[in-house]
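A short worksheet on the structure shown next.
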Amino acid sequence: MKHADSNRPRLALLTAAGVPEPHNLDAIRERADVVIAHADGLAEALHGADAVLLWDFFSSALSDAWHAADTLDWVHVAAAGVDAMLFDGLRQAPVTLTNAHGTFSQPIAEFVLASVLAHDKQLHLSKALQQERTWKHRELTRTAGSRAIVVGTGGIGRATARLLRAVGLQVEGAGRRPRANDPDFGTVFTSDELADRVGEADHVVLAAPLTEATRGIVNAEVLAAMKPSAHLVNIGRGALVDEPALIEALRRGEIAAASLDVVSVEPMPEDHPFWGMGNVHISAHMSGDVHGWRDELADQFLENLDAYIAGRGLANVVDKDRGYVSTAPASSSARQDP
């Protein structure tokens, strides 16, 4: 971070048609000279800018306009995932990248717990039977005492582990480094051991960032090693999963079900096989989007903007080589890994 003088920073704010403005835009304008741009105008807005707020966080426009980032010092992505931002130009430049780390952790953890309970208690089937006007008694699965593996031991993975443990699940983590006596997971094994360890799990939760190391981490080998009764939950990125392999595993009964908040192509094409599969439960990339989430993102950015202007260290700095925020959990010196 280079900006530490009294001059007002110039801020490029990338948005898109239909995306609500930050609720505190007036407060942001009190602190910075703001240039609002859509994707086709981002290059012009970047010229001379000190910082950019990617409010339209799904856009890839920054990569296309990077040639114009002649004075850029700081990029903030109003989202937890930053994989779309980690193009070579940004990786190699002396530019600080921050994200919305922490904002989505608890809501996403709640969504994962809901997915686990819906699977164990057959809520999806009950709704389908209701629509068919069919009364069919079944026996359900006890959730307490079942086992879960959470792939990704960052903020979202840790919040998920804590919530699952609170209702009685036994939880392990999969990350970059093995750890014993972890405060949230107990045991963390390395992600390359997943195929060897996944057979113990009733629920496998994907909460890792998308990097070259995690792309396709759930492949045919991992799926074949899972229990026939196992349930896959993906709230990370669609590309963490080999989708054709998952479709075949679900069709052959290698695993029982998948709850997918993210898929490889979004929105999901109308002819995608997932739409018609009864053991697949799709939601529209919304697991963390609780009421008021955009306001929380705007408030988080404003706090970081104040720190930037004052020359203080920014919060939620992303390790551009690893693709996630490296911070230690409050009760441990261990770093958070995917």
Side-chain angles (χ1 to χ4, degrees), residues 111-132 134-152 160 164 167-172 174 189 191-208 214-266 268-284 287:
F111 189 94
V112 172
L113 176 58
S115 298
V116 166
L117 292 173
H119 174 76
D120 285 352
K121 308 311 174 187
Q122 300 183 24
L123 299 186
H124 301 292
L125 178 55
S126 290
K127 187 63 177 179
L129 291 170
Q130 176 189 340
Q131 293 172 335
E132 296 171 2
T134 299
W135 182 275
K136 183 179 181 180
H137 181 269
R138 293 101 64 209
E139 293 184 346
L140 307 176
T141 299
R142 187 189 303 273
T143 300
S146 61
R147 302 176 69 89
I149 290 174
V150 178
V151 182
T160 297
L164 294 180
V167 298
L169 280 87
Q170 301 174 50
V171 183
E172 290 184 304
F189 58 86
S191 297
D192 57 11
E193 299 178 73
L194 190 58
D196 296 328
R197 303 291 291 268
V198 78
E200 305 170 2
D202 300 291
H203 304 274
V204 177
V205 180
L206 304 183
T214 62
R215 185 180 299 275
I217 194 169
V218 174
N219 54 23
E221 180 186 9
V222 170
L223 291 163
M226 292 171 68
K227 293 181 179 181
S229 59
H231 171 219
L232 178 70
V233 182
N234 190 2
I235 47 78
R237 283 289 188 264
L240 296 173
V241 178
D242 179 339
E243 267 186 17
L246 176 58
I247 292 167
E248 288 305 307
L250 288 161
R251 284 174 171 167
R252 292 195 300 259
E254 289 182 356
I255 70 171
S259 297
L260 307 176
D261 187 55
V262 289
V263 291
S264 60
V265 176
E266 299 177 4
M268 199 165 70
E270 291 184 3
D271 60 351
H272 198 292
F274 284 155
W275 288 121
M277 299 178 71
N279 56 353
V280 177
H281 313 301
I282 296 292
S283 50
S287 59

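Index from 1, following the sequence.
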side-chain contact (heavy atoms from CB on, under 4.5 Å) partners of [X], counting only residues at least two apart:
| X | result |
| --- | --- |
| E132 | L129, T134 |
| R251 | I247, E248, P273, M277 |
| P269 | V265, D271, H272 |
| S264 | E243 |

Once side chain to side chain donor-acceptor pair (under 3.5 Å) is applied, do any residues pair with [X], and if so which ones, sequence neighbours excluded?
| X | value |
| --- | --- |
| T143 | D120 |
| S115 | none |
| R138 | Q122, S126 |
| T141 | none |

Least distance between heavy atoms, [X] atom then [Y] atom:
| X | Y | result |
| --- | --- | --- |
| N234 | L206 | OD1-CB, 3.5 Å |
| L250 | A258 | CD2-N, 4.1 Å |
| S283 | D261 | OG-OD1, 2.7 Å |
| H281 | G278 | CE1-O, 3.6 Å |
| I217 | S191 | CD1-CB, 3.7 Å |
| F189 | E172 | CE2-OE1, 4.1 Å |

**Study point:** Any residue meeting salt bridge (charged side-chain N to carboxylate O under 4.0 Å, His left out) with E266, in chain and number order, not counting sequence neighbours
**Key:**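 Here no residue qualifies.
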
Practice item. For residues 217-260, pull every pair meeting ring-ring contact (aromatic ring centres under 6.0 Å, His included), keeping only residues two or more places apart or in separate chains. Key: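 Sorted result for residues 217-260: H119-H231, H203-H231.
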
Practice item. Among residues two or more places apart or on two chains, list those pairs meeting ring-ring contact (aromatic ring centres under 6.0 Å, His included) that have a residue in residues 243-266. Key: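 Counting only pairs at least two positions apart or across chains, no ring-ring contact (aromatic ring centres under 6.0 Å, His included) contact touches residues 243-266.
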
Review point. Counting only N and O atoms by type, is there a donor-acceptor contact under 3.5 Å from the side chain of Q170 to the main-chain atoms of G145?
Key: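 Yes.
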
Which donor-acceptor pairs under 3.5 Å do side chains of residues 219-230 form with protein atoms, sequence neighbours excluded?
residue	atom	partner	partner atom	Å
N219	OD1	E221	N	3.2
N219	OD1	V222	N	3.0
K227	NZ	D202	OD1	2.9

Check your understanding: Given I149 and L194, is the side-chain contact (heavy atoms from CB on, under 4.5 Å) satisfied, shown in steps?
Key -> CA-CA 9 Å; I149 290 174; L194 190 58; 4.2 Å; yes

Practice item. Supply the atom-to-atom distance L232 CG to L240 CG, rounded to the nearest 0.5 angstrom. Key: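 L232 CG to L240 CG: 9.5 Å, rounded to 0.5 Å.
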
Point to revise | Check: L246 and I255 side chains under 4.5 Å, non-hydrogen atoms | key: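 They are in contact (side-chain heavy atoms under 4.5 Å apart), so the answer is yes.
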
**Study point:** Sub-4.5 Å side-chain heavy-atom contact between L117 and L123
**Key:**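 No, their side chains stay 4.5 Å or more apart.
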
